[in-house]
Protein chains: 2
Amino acid sequence: MSDPGLACCTPLSGTAMSAEQAEQVAPLLKALADPVRLRLVSLIASSATREACVCDLNDAFDLTQATISHHLKVLHSAGLLDRDKRGVWVYYSVRPEALSAVASLFSTSALAPA
Amino acid sequence: MSDPGLACCTPLSGTAMSAEQAEQVAPLLKALADPVRLRLVSLIASSATREACVCDLNDAFDLTQATISHHLKVLHSAGLLDRDKRGVWVYYSVRPEALSAVASLFSTSALAPA
DNA sequence: ACAGGACATCGACGGACGTCGATGTCTGTA
DNA sequence: TACAGACATCGACGTCCGTCGATGTCCTGT
């Protein structure tokens, strides 16, 4: 709200991300913005079968089973992981669409570095 | 920690992200995991000169100047924004290295969708 | 039917987060 | 030198987050 003749800079070109788009993507980033959850997704994504059962994920961390279950729930609620119960075990797999939705933020959208 | 003969799945191939790498990138994601901060970075990155002064950024939101200043500080502390005071005004610009560090997560690392 | 294991849920606790009004600091101008 | 404006900092408030122990639910083998 500066004086017209005293502008400090050009008034921000209009190709930036919309507020709605930001509100949509931020929860995905928030779900990933934790070291444990980041490693969880990475462990599942780098698995040979692109999925992993909770028991093996538990063993990869020095955390309680309740805590790992909580983090998996957060990732699942955010739409980043799929959940598949097979018998006694539960298998989580990554949702490529969700991950690429975040990836496109940094390549094609207004956040592209170049 | 299941019985050897009773494994529920292969014990997670070893190409996943390290704990140290996760601890390093998570703060960057946490800084971006907010709608306001996401728009701030987008506004600055999409600006013609790749920078923006705080006064214009203030006008783009229905938030207090103190709140915007706080968000800019968070982004700056995370290494995502550069700060340059020129006279009365302060100009923020994106740090391409930081942004591409996050971008590489989703393209080349263990989080790549394909 | 029963026992045991895999996983989810609950309740609680300490700490971090987003926002605000008020105030401080610095810079250019009258 | 005094003033006004741009931006940062401070202190406070309510809310959300990460973690835990305890408990619940569901499945499988005996």
Side-chain angles (χ1 to χ4, degrees), chain A residues 1-9 11 19 22-23 26-40 44 51-78 81-93, chain B residues 1-9 11 19 22-23 26-40 44 51-78 81-93:
Chain A
M1 204 88 67
S2 311
D3 252 6
L6 223 67
C8 53
C9 54
E23 301 273 356
L28 292 180
L29 288 173
K30 189 162 292 190
L32 286 174
D34 181 278
V36 175
R37 292 200 287 268
L38 214 46
R39 285 181 62 203
L40 279 171
I44 298 172
E51 62 180 8
C53 72
V54 181
C55 59
D56 281 341
L57 294 172
N58 271 330
D59 296 352
F61 297 88
D62 251 1
L63 293 172
T64 308
Q65 175 260 329
T67 301
I68 298 296
S69 188
H70 162 70
H71 283 308
L72 289 170
K73 182 198 180 84
V74 170
L75 289 168
H76 177 60
S77 301
L81 293 186
D82 263 336
R83 190 178 178 279
D84 182 27
K85 178 161 191 172
R86 290 207 284 273
V88 194
W89 296 301
V90 173
Y91 291 79
Y92 281 94
S93 53
Chain B
M1 201 84 70
S2 312
D3 254 7
L6 223 65
C8 50
C9 54
E23 301 274 356
L28 291 180
L29 288 173
K30 187 162 294 189
L32 286 174
D34 181 277
V36 175
R37 290 199 288 268
L38 214 46
R39 286 182 62 202
L40 279 172
I44 298 171
E51 64 181 6
C53 73
V54 182
C55 59
D56 281 342
L57 294 173
N58 271 332
D59 296 351
F61 296 88
D62 250 0
L63 293 171
T64 307
Q65 174 259 328
T67 301
I68 298 297
S69 188
H70 162 70
H71 283 307
L72 289 170
K73 183 197 178 89
V74 170
L75 289 168
H76 177 60
S77 301
L81 292 186
D82 263 337
R83 189 179 179 278
D84 183 27
K85 178 163 191 171
R86 292 208 284 273
V88 193
W89 297 301
V90 173
Y91 291 79
Y92 282 94
S93 54

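Heavy-atom basis, side chains included; hydrogens, waters and symmetry copies ignored. Chain letters run A, B, ... following the sequence lines, proteins first, then strands; residues in each count from 1.
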Return the value, rounded to whole Å, for the distance between atom CG of B:D59 and atom C1' of D:dG5. 14 Å
B:R86: what forms a side chain to side chain donor-acceptor pair (under 3.5 Å) with it, not counting sequence neighbours? B:E51, B:D84
With a 4.0 Å cut-off on heavy atoms, is B:Y92 in touch with a base, just the backbone sugar-phosphate, or nothing at all? sugar-phosphate
Where A:T64 and A:N58 come nearest, the two heavy atoms and their spacing: O-OD1, 4.4 Å
Residues two or more places apart in sequence or in another chain: which of them pass side chain to side chain donor-acceptor pair (under 3.5 Å) with A:Y92? A:R83
Output the rounded distance in Å from OH (B:Y91) to P (D:dC7). 8 Å
With the sugar-phosphate defined as primed atoms, P, OP1 and OP2, and the base as all remaining atoms, what B/S/- string results for nucleotides 19-30 of chain D, 5' to 3', for protein heavy atoms under 4.0 Å? BBBB---SSS--
Taking all atoms of both residues into account, what is the closest heavy-atom pair of B:P35 and A:E23, and its distance? CG-OE1, 3.7 Å
Take the protein atom NZ of A:K30 and the nucleotide atom C1' of C:dA16, then report the distance between them rounded to whole Å. 12 Å
Between A:T67 and A:L63, what is the shortest heavy-atom contact and its length? CG2-CD1, 4.1 Å
Rounded to whole angstrom units, what separation is found between the CG atom of B:L29 and the C1' atom of D:dG18? 17 Å
Does A:D82 have any side-chain contact (heavy atoms from CB on, under 4.5 Å) partners at least two apart in sequence or in another chain, and if so, which? A:S93, A:R95
Please pick, from D:dT9, D:dA8, C:dA8, the nucleotide with the shortest atom-to-atom distance to any side-chain atom of B:R83. D:dA8
Nearest-angstrom distance from the residue atom CH2 of A:W89 to P of C:dA8: 15 Å
In whole Å, what is the span from the CG atom of A:L81 to the P atom of C:dA8? 11 Å
Distance check needed: C:dC7 P versus A:F61 CZ, whole Å only. 15 Å
The nucleotide from D:dC17, C:dC7, D:dC7 with an atom nearest the side chain of A:C55 is C:dC7
For DNA chain D, what is the dot-bracket line, given that a base pair needs Watson-Crick (N1 to N3, plus N6-O4 or O6-N4) or G-U wobble (N1-O2 and O6-N3) geometry with both distances under 3.5 Å, and | means paired with another strand? ||||||||||||||||||||||||||||||
Excluding sequence neighbours, so at least two apart, what forms side-chain contact (heavy atoms from CB on, under 4.5 Å) with A:A60? A:L43
Donor-acceptor contacts, no H, no angles, side chain residues 69-76 of chain B, under 3.5 Å, sequence neighbours left out:
unit_1: B:H71; atom_1: ND1; unit_2: B:R37; atom_2: NH1; d: 3.1
unit_1: B:H76; atom_1: ND1; unit_2: B:L81; atom_2: O; d: 2.9

Which heavy atom in A:L32 sits nearest to a heavy atom in A:L38, and how many Å separate them? O-CD1, 3.4 Å
In whole angstroms, the gap separating P of C:dG5 from CG of A:N58 amounts to 15 Å
